[in-house]
Structures are given as structure tokens and as C-alpha cells.
Amino acid sequence: MNLAVDMLIGAGLLVLAWQTISGRSLFRGIVLFVVFGLTMALAWARMGAPDLALAEAAIGAGVTGALMLVAFRRLVRIRPDQCAQPALRRSRLAVPVAVLAGGLVGVIGLAVVAVERDPALAGLAVTEALTDSGLGNPITGVLLLYRNLDTLLEVAVLLAAFLAARTVFGEDESRPPTPARREVPLVGALLAIIVPLTILIATHLLLAGSREPGGAFQAGAVLAASGVLLVLAGRLQPATALSAGPAFGLTLGLMLFSLVGLAVMAFGDPLLALPGLWAVYLIETAMMLSIAMTLVLLFAGASGLRRSGP
Amino acid sequence: MSASEVLASLLLLTGGLFYLAGTVGLLRFPDVYSRLHALTKADNLGLLLVCSGLSLLAGTWRAAALLATIWLLGLLAATVSAHLIARHARAHDAAGDKR
Amino acid sequence: MSSAMLYVLVAAGLFGIGVYGLIIAGHLLRKLFAINIMGNAIFVLMVAASAPLDGRPDAVPQALVLTGIVIAVSATAFALALMVQLYRVTGQASLEQDPDGDD
Amino acid sequence: MTEALLAALVFLPVLGACLLLLAPASWRAAILLVVTVPLPFCLLPLTVLIADAGLFEMALAGHPAPLGIRWRLDALSLLILWLNVSLMILVGLAASARFAPASVEGLRFWPLWLLLAAGIHALLLSADLFNLYVTLELVTLAGIGLIATGGSGAALRAAMRYLLLALMASLLYLLGVGLVYAEAGTLDLYQLGEALEPGLLSATALVLMLAGLLVKSAVFPLHAWLPAAHGNAPGPVSALLSAIVVKVSIYIIWRLWFWTAGDWQLPAPGLLLGLLGGGAILYGSALALVQKRLKMVVAYSTVAQLGYLMLIFPLSNLLAWQAAGYHLVAHGLAKAALFVAAGNILVSLGSDRLRRLAGLDQRLPMDVFTLALASVSLMGLPPSGGFVGKWLFLQAAYEQGAWGWMALIALGGLLAAAYLFRVLALTCFHPRSHGHSTRLREPPTLASLAGLLLALAAIGLGFASAPILGLLEAAWPGAMAP
């Protein structure tokens with residue numbers, strides 16, 4: 001029974017992936033890609049990785065899908081006839097190479113799974129160390145206590161991606177994605193409910209991250225969703241200049257993480273040895289805000305945001 | 001299988017049927033408005049049935065409350081998005097008529 | 001067949017589809033779909049192939065994959081912005097007819 | 001104290017990048033100074049320490065591997081850190097003339113520049129395979145962002161191609177990392193040396209990682225993205241990309257080869273990598289000979305010169321090791337000088353087509369002098385740093401009676417001389433100079449001076465060989481493993 005569910009999900013993933021890459025329409029491809037991401041989230045849940053399921057649904061499917069959609073819309077705005085897109089190329093090599101690559105991954109993967117192995121040293125060390133830390137979620141432990149340089153640099157990668165994208169933001173994107181038209185009353189009502197609710201959910205995900213699935217990245221993506229809504233509804237307008245507020249939001253996570261990680265050295269502790277759970281929460285909150293701000297700015301295709309509207 | 005489990009399974013199954021009907025409508029109906037009609041009506045009811053079935057299975061008030069919240073949120077999202085899609089479609093149709 | 005083996009096979013299939021998509025894609029957006037699918041295949045493989053600890057999944061590969069997902073999104077976001085600007089400047093959203101930067 | 005110095009190498013640039021985004025425009029120049037000037041002073045005590053002890057390790061967050069991540073500084077990483085810090089300062093001087101820190105372009109450029117530096121430093125220190133992946137991504141994204149500041153269609157296209165290839169390469173590397181972890185249960189590069197049994201699976205994992213890294217370091221025949229990317233980026237960016245960014249991937253290959261798989265006997269794959277290097281030298285040089293643009297000549301020359309770094313695999317002894325390390329540093333300085341000078345010429349002429357360079361020696365004497373000095377080092381003429389590297393390679397090949405490699409190295413030097421003399425001849429010895437009519441924009445003195453300093457450093461390296469060779473000898477992994 002369980003295996004049957006897994007098989008269904010696996011088959012769904014393969015079909016969706018196939019349709020995403022082989023479909024005629026780009027727009028359809030994006031929609032299918034998002035559905036693929038959501039199915040991936042199911043697969044993660046089945047594989048005993050609820051943290052990854054949350055991350056995949058929020059970041060992999062949600063954020064990537066939104067970014068792809070908005071990029072597609074910019075393409076359409078530059079030239080409306082996106083039907084003139086380059087067609088799929090024919091290549092005699094494509095199928096053999098793909099089969100070879102997939103086969104290689106399959107064979108080595110099966111070879112690894114087939115042998116009886118001892119549990120990983122690092123994994124055992126995490127389980128052992130976790131009991132002293134006061135954290136209940138081993139993944140949060142790995143990300144913020146044991147391998148936190150990875151996490152810090154990952155936030156730096158996100159910042160670098162934004163800064164790199166900023167070098168190619170076009171001038172005309174400073175116009176709002178939706179022309180400021182008369183606001184639909186229902187949208188106001190929706191925002192009034194959804195925005196506080198997403199903030200609540202993001203906070204929950206952040207706090208739950210210490211014991212249950214969740215954490216700064218998932219929370220940041222959820223928070224970004226409400227920012228994206230505000231941008232879409234025209235409440236937040238993209239701006240070309242990097243103003244103080246957004247700049248602060250962008251750098252907060254990286255700054256605070258680095259400063260706390262360095263400050264502990266003054267007390268004789270090793271670099272990045274966080275002094276307690278309060279530091280974990282503090283840094284995660286800052287990271288959540290930075291991630292959300294970065295994602296919203298990437299979505300808006302702008303260096304800054306300003307408020308507008310009522 | 002207890003009575004509540006049977007009832008829950010029934011609810012889930014009916015909910016699934018409503019989803020199926022909504023999807024068939026989405027695929028088969030001719031224009032945006034009737035598609036929206038099929039999708040929002042049938043899926044909202046389907047979601048309600050699935051949520052009630054699941055809360056029966058879970059058997060706690062906490063889960064039931066959470067599922068009810070999910071249903072309400074789904075309702076809200078469906079309402080607003082259906083409204084926006086219909087508005088957009090009408091604006092486009094009007095523009096098309098003028099041309 | 002165990003479910004780990006099943007997911008390894010799914011990963012293999014996804015990887016193959018991603019490679020195929022990468023080869024046949026003309027539009028850059030399609031190339032990004034393909035690369036993201038390949039990435040997901042590798043993430044699945046990393047989690048599915050790790051040895052369980054007393055019946056519980058190993059947390060380390062999951063944490064690594066979480067980092068990997070965020071990095072994949074960052075790179076995709078930059079690639080999308082680059083694609084839009086490339087289209088704006090050259091009118092092309094593909095890498096074909098490359099003049100090899102010779103002018 | 002040493003921990004704090006290492007932390008400063010990574011975190012000063014990180015914090016600097018954040019502060020640049022936050023501070024008012026007029027402070028940015030000062031912030032840049034504050035975060036870059038201390039870097040060499042951090043390296044000085046570290047050099048003394050490494051000369052004494054040979055090695056320094058620290059467990060980040062107090063968690064030793066396999067639970068945590070280790071930083072490990074040895075003579076090799078120290079040497080490349082020195083190279084990077086010198087480039088950051090000297091090429092940075094040249095870049096500051098073009099991207100004024102207080103300007104809008106400056107705000108786009110400098111934070112990425114600092115994040116690139118932070119990524120390179122973290123990469124050189126890290127001893128963890130997955131952490132290396134994260135740092136590689138940081139280096140790649142920041143580097144490609146800097147290429148895109150060029151803004152032209154060609155630059156954007158080159159950036160896009162580089163980005164796609166780099167993403168694929170990262171995936172291959174990550175797949176290898178995942179397999180290694182599934183098999184050995186640890187990600188520490190040096191612990192893996194013991195935990196990883198030589199076998200088909202671990203060999204596959206290693207091959208996947210190597211393949212990814214070879215793409216990222218543009219080793220022939222995976223170099224296709226490099227010339228366009230390095231030829232179309234702004235001058236200072238090309239300098240940094242060619243001089244260090246492609247090499248940090250080769251640095252990881254060295255680590256994997258000589259440390260993680262240090263006990264495996266791999267003559268045949270080593271020979272294969274060497275042949276790739278040989279192919280790079282011949283192919284890159286041949287294409288450099290026929291290019292029409294100065295920056296493309298220099299970019300193809302990078303393809304060729306990277307080939308030498310692969311010769312260590314078949315030769316595989318102490319002399320070859322010293323040669324490769326020396327060549328890495330010498331080429332880094334010379335190539336940065338070439339690109340800075342080429343960038344200045346491009347800015348002042350508005351074009352870098354070779355036929356328009358005629359007579360430039362009288363109009364931009366400083367930049368042409370830089371070009372000539374850097375060329376001397378690249379060709380491997382004494383007494384430059386390039387000469388020492390190539391001489392050591394020849395000696396290493398001679399010792400092993402590897403006549404084929406000797407011939408290749410000699411030929412590579414000749415070809416380098418040919419394509420560089422072609423440039424210099426077109427510039428200086430042209431009887432009638434065309435293009436005098438075009439107006440010339442004088443390049444900023446600071447940029448020309450920075451290029452000259454880099455070229456002088458590349459030459460001067462030839463006189464400072466003893467301490468560097470000593471350092472490299474201490475880092476030779478063959479000496480540790482009997």
C-alpha cells in the first residue's frame with residue numbers, strides 16, 4: 001500500500017517533469033513546473049523529510065514559480081508575441097545522452113542503496129549532540145549549530161544573487177508590474193486578512209523550527225508571499241534607488257549572523273559558536289526578514305520599494 | 001471499521017467526486033465564466049467534504065478547527081481569485097467588442 | 001523493492017528528463033526548467049541514498065538539500081533577471097546564433 | 001588570535017558588502033579601504049605561523065568534523081590567499097577608477113566584488129566538500145554578476161552561457177558530494193582520505209566532482225564559455241576572473257586528487273588530465289594567435305595557461321608541484337596586469353581591435369609597457385615569475401625522462417611568445433600608424449599605475465622564488481604520505 005502511494009507520486013513526478021520540458025507553451029510549462037514542485041513536496045513528505053516538503057512547497061514551487069511567471073510577463077511586455085519563441089531543437093544525440101545520464105544516476109544510486117551501510121558518522125554525531133542543545137529538530141541543529149557556516153554563506157549567496165540580478169534590472173521595471181488602476185474592493189479585504197495571517201504563519205514556522213519542521217527559510221518564503229501580494233496589488237511600488245529600509249532588510253540577516261558569530265570570539269568561544277537558543281532565534285528572525293525582503297525585491301525586479309495607495 | 005470511519009470515507013469519496021466534476025467542467029466548458037462557475041462551486045464543496053471527512057478521521061477538535069480554517073481560507077482565495085479572473089475576462093471581452 | 005530504491009529510480013528518471021530537456025530546449029526559460037528538474041533529481045538522490053539511523057532518516061543530507069534548494073532558487077532568480085535583460089538588449093531569449101563575442 | 005585573523009579574511013569583506021549597501025554614498029570609498037587594507041596585515045602573521053608550523057586547523061562553532069566544518073590553512077591555501085589579496089587591492093585600484101565607489105555604478109559593482117573576495121577566501125580555507133559547494137556558488141554568482149555589469153549584449157550572452165554551464169557543473173559536483181556522503185558518512189576532505197575506500201563507487205563520485213570542477217575551471221575541452229565571458233567583461237572583472245576565479249576550482253581538484261584520493265595509485269587518469277592540459281596549451285595558444293581583439297587574445301591565453309596547471313597530475317612529483325603552484329601565482333599576476341592594461345586600452349580607444357592598436361606605444365606608453373612586461377612573464381622569459389614556473393616544469397619533466405611533456409612545455413612557451421609578440425609587434429613596430437586620427441580618452445592614471453604594479457609584481461616574483469618554493473615544498477602532500 002505504502003509503496004503503491006510512492007509509485008503513484010514517482011510516476012506523477014516523471015510525467016509532470018516530461019510535460020514541463022516538452023510542452024509547446026512556455027506559460028503552460030511554468031504552471032506544470034509549479035505543480036511538479038508541489039508533487040515534489042509530497043514526495044519529500046513521503047521520504048520522511050517534512051522540512052524539505054515545506055521548503056519545496058514554499059521556495060521550490062512557490063517562489064520559483066512566481067519568479068518565472070513574472071519573468072515571463074516581462075518577456076511578453078517587451079514583445080507581446082511570445083509565440084515566436086525558439087522552438088524545441090531536434091537533436092539526434094538528445095535521447096541517447098539523456099538515457100545514458102539517467103542510467104548512470106540510476107545505477108550508481110542503486111549500487112549505493114543496495115549495500116548495507118553503517119549509519120553516517122556525521123548523522124550519528126548530530127543525533128548525539130542534539131540532546132545537549134535543547135533543539136528538537138535535528139535539521140535546524142545542523143543548519144544553525146553544527147554546519148552554520150553553510151547557512152551563513154547561503155544567505156550571502158542569496159544576497160549575491162540579488163545584487164547580481166540588480167546589475168541587470170531594466171529601467172522600465174521601475175514601473176509597477178500592475179498599472180495602478182482602480183483597486184478592486186475585494187482585494188483590499190483579501191489583503192486585510194491574508195497579510196496578517198501570513199505574518200502569523202511565518203512566525204509560527206520560525207518558532208516551530210526548533211522542535212518541528214520549519215525554520216527561517218520556509219518562514220521567509222511565506223512572508224515573502226504577502227510582500228508579493230502587496231506588490232501585485234500595487235500597495236508597494238518598485239523603486240529604482242536602493243533606499244535605507246529595503247537595504248537594511250536585505251543585509252540584516254547576514255550582518256547579524258556575522259556579528260554574533262564574531263562577537264562570541266571576544267568571550268573566548270570558537271568562531272560562530274552561537275551562545276544559546278536565544279541567539280538561534282534572533283538570527284533566524286533576522287534571516288527570515290532578509291530572505292523575505294530579497295525575494296520580494298527579486299519578484300518586483302527593483303532595488304527598492306515605496307509605499308503607495310490609501 | 002467503525003461507523004465514523006465509514007462516514008469519513010464516504011465524505012472523502014464524495015468530496016473527490018466533486019473535485020472530479022469541477023475539473024471535468026474546467027476542461028469541457030466553453031468559456032471563462034462557466035469554467036469559473038464549475039471550478040469554484042464544485043471545488044469549494046469538495047474541499048468542505050474532504051475537510052469534514054478528515055476531521056472525523058483525526059477525531060480531535062483541534063484538528064477539526066484547523067481544517068475548518070483551511071476551508072475558510074480556501075473559500076476566501078477562491079472567491080477573490082474567481083472575481084478577479086472574471087473581471088479581467090470581462091474587461092478583455094469589452095475591449096474585444098470595441099475592436 | 002524498498003521505497004528508497006523507488007525514489008532512486010525516480011531520481012534517475014528525472015535526471016534523464018532534465019538532461020533531455022536541456023539539450024532540446026531553445027528558450028532559456030526551458031533550460032531553467034530542465035536545470036531545476038536535474039537539481040531536484042540530485043536532491044532526491046541525496047536524501048534517498050543516505051543510510052537511515054535507527055529507522056529515522058539522517059538529518060544531515062536533508063539539511064544539505066535545504067541549503068541546496070535555497071541556492072538553486074537564488075541562481076534561478078538571477079538567471080531569470082539575466083534572461084529578461086538579454087531579451088531586452090538583443091531581442092533573443094536563447095543562446096543560439098552566438099557571435100562568439102567577436103564584435 | 002589566529003582564529004580571529006582567519007575570521008577577518010572572510011568576514012571583513014562580507015560585512016563590507018553589507019555596509020556598502022547601508023552607508024551613504026560618500027562613505028563607500030572609506031568602507032572599501034577599511035575592509036581591504038587590513039587583509040594583507042592579517043596574512044602576515046599567518047605566514048609566519050605557517051612557515052613555522054606548516055598547518056593550522058580550526059573547528060568552526062567548536063564542532064569538530066564530521067559533525068561540523070573545519071577550516072584548514074596550509075602553505076598552498078596561504079599562497080593563493082596572498083595572490084587573491086594582492087589582486088583584490090591592485091585590480092581594485094584599477095576598478096575604482098572605472099567604478100567610482102560613490103556613483104550608482106559603484107553601488108552595483110563593489111558589494112559583488114567584496115562578496116566574491118569573501119567567497120574565494122572561504123573556499124580556500126574550507127575543508128568540507130559541501131561547504132566548498134556553497135562557496136563555489138558564491139564565487140560563481142558574484143563573478144557572473146560582475147560580468148553582467150558590462151551591460152552589452154555580448155557580455156550578457158556570455159554571462160548567461162557561463163551561468164548555465166556553471167549551474168550544471170555545480171549539479172555534477174553536488175551529485176558527487178551526495179554519493180560520497182552516502183558512502184563514507186563524512187564530508188571532511190581530509191577525513192575522507194581514510195574513510196573512502198578506493199572502489200568503483202567512490203571513483204564515480206570523484207569523477208563526477210572532477211567533471212563539475214573541470215567545467216568551472218574551463219579546462220580544455222570544457223573551456224567553450226571562457227573566452228566570451230572573460231573577453232566581454234569589464235577589464236578589472238576579466239582580470240580577476242582569469243587570474244583567480246577559474247583557478248580556485250583547479251585548487252579544489254588538487255585537494256581532491258592529492259589529499260582525498262592521495263593514496264590511490266592513479267597513473268592513467270592522471271595522464272588523461274595531463275593530456276587535457278596539453279590540449280589546452282596547444283589549442284588555446286593556436287586560437288590566441290588568430291584572434292582579432294586584444295581581450296580575446298588574452299582570454300584564449302588563459303585557456304592555454306590553465307593547461308599547465310593540469311601537468312602536475314602526470315608529472316606528480318615535488319618539482320612539478322612547486323612548478324604548478326608557482327605558475328598559478330605568476331600567471332595570476334601577469335594575466336591580471338594584461339587584462340587591466342587591455343581594459344584601459346579598450347576604454348581609451350573605444351575598441352580593442354588589434355589593427356587599431358598600431359602606434360599606441362607613443363600614445364599610451366604606460367599601458368603598453370605594462371602589456372610588454374606582463375607578456376615577458378607569460379612567455380616565461382627570465383627573470384620573471386613565469387620563467388621560474390616553466391623552468392621548474394621543464395626540470396620536473398627532465399628528471400622523469402618525460403620527453404613528450406618537455407617538448408610540450410617548450411612548445412607552449414614558444415606559442416605564447418608568438419601570440420604575445422604578435423600583439424606587441426602590431427602595437428609598437430608598425431611602420432605606418434593608422435587610427436591616429438581617432439581621439440583618445442586618456443585612461444585614469446590610477447588604473448594604468450595599478451596595471452603596471454601588477455606587471456612589476458609578476459616580474460618581481462622571479463626574484464622572490466626561494467621563500468615561495470619553500471612554502472610550496474612544505475605543502476606537498478607527497479611528503480606527508482610515505
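In what follows, chains are A, B, ... by sequence order, proteins preceding strands, each numbered from 1.
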Could you look at A/Ala221 and say if it's the side chain, the backbone, both or neither that has a heavy atom under 4.5 Å from chain C?
neither
For chain A, which of C/Val89, C/Thr76, C/Leu29 has the most heavy-atom pairs under 4.5 Å?
C/Leu29
Who wins among A/Ala165, A/Ala120, A/Ser22, A/Gly141 for the most heavy-atom pairs under 4.5 Å with chain C?
A/Ala165
The reported gap from CD1 in C/Ile17 to CD1 in A/Ile21 (rounded to nearest 0.5 angstrom) is 6.5 Å
Between C/Ile69, C/Asn36, C/Thr67, which has the largest tally of heavy atom pairs under 4.5 Å with chain A?
C/Thr67
Under the side-chain contact (heavy atoms from CB on, under 4.5 Å) criterion, do A/Val142 and C/Gln62 qualify, and how do the steps go?
CA-CA 9 Å; A/Val142 175; C/Gln62 293 193 20; over 6 Å; no
Distance (rounded to the nearest 0.5 Å) between A/Leu163 CG and C/Phe78 CZ
10.5 Å
Can you tell me which residue among A/Leu100, A/Val105, A/Val99, A/Val97 is in a side chain to side chain contact (heavy atoms under 4.5 Å, CB included) with C/Val19?
A/Val97
Looking only at heavy atoms, which two atoms of C/Arg56 and A/Pro138 are closest? And how far apart?
NH2-CG, 3.8 Å
Best-contacting candidate, C/Leu32, C/Leu66, C/Leu45, C/Ile42, against chain A by heavy atom pairs under 4.5 angstrom:
C/Leu66
With a 4.5 angstrom heavy-atom cut-off, which part of A/Leu298 approaches chain C: side chain, backbone, both or neither?
side chain
For A/Thr127, is it the side chain, the backbone, both, or neither that has a heavy atom closer than 4.5 Å to a heavy atom of chain C?
side chain
Given that the side chain runs from C-beta out, which part of A/Val112 has a heavy atom under 4.5 Å from chain C: side chain, backbone, both or neither?
side chain
Would you check, one step at a time, whether the test side-chain contact (heavy atoms from CB on, under 4.5 Å) holds for C/Val44 with A/Trp44?
CA-CA 8 Å; C/Val44 169; A/Trp44 289 128; 4.0 Å; yes
Quick check on A/Met68 against chain C: is it the side chain, the backbone, both or neither that has a heavy atom closer than 4.5 Å?
both
Closest non-hydrogen atom pair, C/Ala63 against A/Leu143:
O-CD2, 3.8 Å
Could you tell me if the side chain of A/Asp150 sits less than 4.5 Å from the side chain of C/Leu64, heavy atoms only?
yes
Most contacts with chain A, counted as non-hydrogen pairs under 4.5 angstrom, among C/Val70, C/Asp58, C/Val73:
C/Val70
With a 4.5 angstrom heavy-atom cut-off, could you sort out which part of A/Val95 is near chain C: side chain, backbone, both or neither?
both
What part of A/Asp118 gets within 4.5 angstrom of chain C, counting heavy atoms only: side chain, backbone, both, or neither?
backbone
In Å and rounded to the nearest 0.5 Å, what is the OH to CZ distance from C/Tyr7 to A/Arg46?
6.0 Å
Side chain / backbone / both / neither for A/Leu159 at chain C, heavy atoms under 4.5 Å
neither
Which atoms form the tightest heavy-atom contact between C/Gly16 and A/Ala98, and what is the distance?
O-CB, 3.3 Å
Side chains of A/Val168 and C/Leu86, heavy atoms from C-beta outward: is any pair under 4.5 Å?
no
Please state whether the side chain, the backbone, both or neither of C/Ala72 comes within less than 4.5 Å of a heavy atom of chain A.
neither
Check whether A/Thr151 gets within reach of chain C through its side chain, its backbone, both or neither, counting any heavy atom under 4.5 Å.
neither
Output for pair (C/Leu53 CG, A/Glu128 CD), nearest 0.5 Å, gives 11.5 Å
Please walk me through it: do C/Ile23 and A/Leu93 pass side-chain contact (heavy atoms from CB on, under 4.5 Å)?
CA-CA 8 Å; C/Ile23 297 176; A/Leu93 275 179; 5.6 Å; no
Verify, without hydrogens or angle tests, whether A/Arg74 (side chain) and C/Gln85 (backbone) share a donor-acceptor contact under 3.5 angstrom.
no
The interface call for A/Phe162 against chain C, heavy-atom contacts under 4.5 Å, is neither
Heavy-atom proximity to chain C below 4.5 Å, by part of A/Arg147
side chain
Worked check of side-chain contact (heavy atoms from CB on, under 4.5 Å) between C/Phe33 and A/Thr64:
CA-CA 10 Å; C/Phe33 292 155; A/Thr64 313; over 6 Å; no
Quick check for you: to the nearest 0.5 Å, what is the distance between C/Phe15 atom CZ and A/Leu104 atom CG?
8.0 Å
Which value, rounded to the nearest 0.5 Å, describes the distance between C/Arg30 atom CZ and A/Leu26 atom CG?
5.0 Å
